[in-house]
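Along the sequence shown, residues carry numbers from 1. Computed from a predicted model, the values in this text were never measured in an experiment.
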Amino acid sequence: MKKQEIKQMSAEELTEKLAEFKKQHADLKMAHFVTPLENPLQIRKVRRTIARLATELTNRENQ
């Protein structure tokens, strides 16, 4: 997800997406431990998306 897409979302949508991406990250990591993923860079993309969502939520809480 891009930064502009994240800024347009509401706080509820951000928390829902954050939970969704955290679950996806856990699933990808488990799948990678069992058998190597075809594209392990997916894990990095999901982790960075989680960071973007968490950062935006924190910024909104501090304002």
Side-chain angles (χ1 to χ4, degrees):
M1 296 185 76
K2 297 193 178 199
K3 192 173 180 180
Q4 291 178 351
E5 295 174 1
I6 293 173
K7 286 193 176 228
Q8 293 175 354
M9 300 172 97
S10 68
E12 292 174 3
E13 290 175 328
L14 285 174
T15 54
E16 289 174 7
K17 285 287 187 183
L18 185 59
E20 178 182 319
F21 277 107
K22 282 185 177 182
K23 182 180 181 336
Q24 182 180 0
H25 183 256
D27 292 343
L28 282 172
K29 282 184 70 172
M30 183 60 71
H32 188 62
F33 284 134
V34 175
T35 58
L37 292 175
E38 189 172 312
N39 185 7
L41 294 178
Q42 291 173 333
I43 297 172
R44 183 189 306 173
K45 287 182 181 181
V46 171
R47 189 177 68 232
R48 288 182 179 177
T49 301
I50 290 170
R52 285 186 189 104
L53 291 169
T55 301
E56 182 63 28
L57 274 174
T58 303
N59 287 341
R60 289 184 184 190
E61 289 174 1
N62 289 337
Q63 287 181 355

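- Rounded to the nearest 0.5 Å, atoms NZ (K22) and CG (D27) are 14.0 Å apart.
- Atom CG in L28 sits 10.0 Å away from atom NE2 in H32 (nearest 0.5 Å).
- Between M1 and M9 the shortest side-chain heavy-atom distance falls below 4.5 Å.
- Atoms OG1 and CG, on T58 and L53 in that order, are 10.5 Å from each other to the nearest 0.5 Å.
- Between A31 and L37, the shortest heavy-atom contact is CB-CD2, 4.1 Å.
- Proximity of R47 to R44: side-chain heavy atoms (C-beta onward) are separated by under 4.5 Å at one or more points.
- Of all heavy-atom pairs spanning T15 and E12, the tightest one is OG1-O, 2.7 Å.
- The environment of CD in E5 is crowded: more than 12 heavy-atom neighbours from other residues, nucleotides or ligands sit within 6.0 Å.
- In this structure, the separation between CG on L14 and NZ on K17 is 10.0 Å, given to the nearest 0.5 Å.
- Salt bridge status for R60 with E56: present, with a side-chain N to carboxylate O gap under 4.0 Å.
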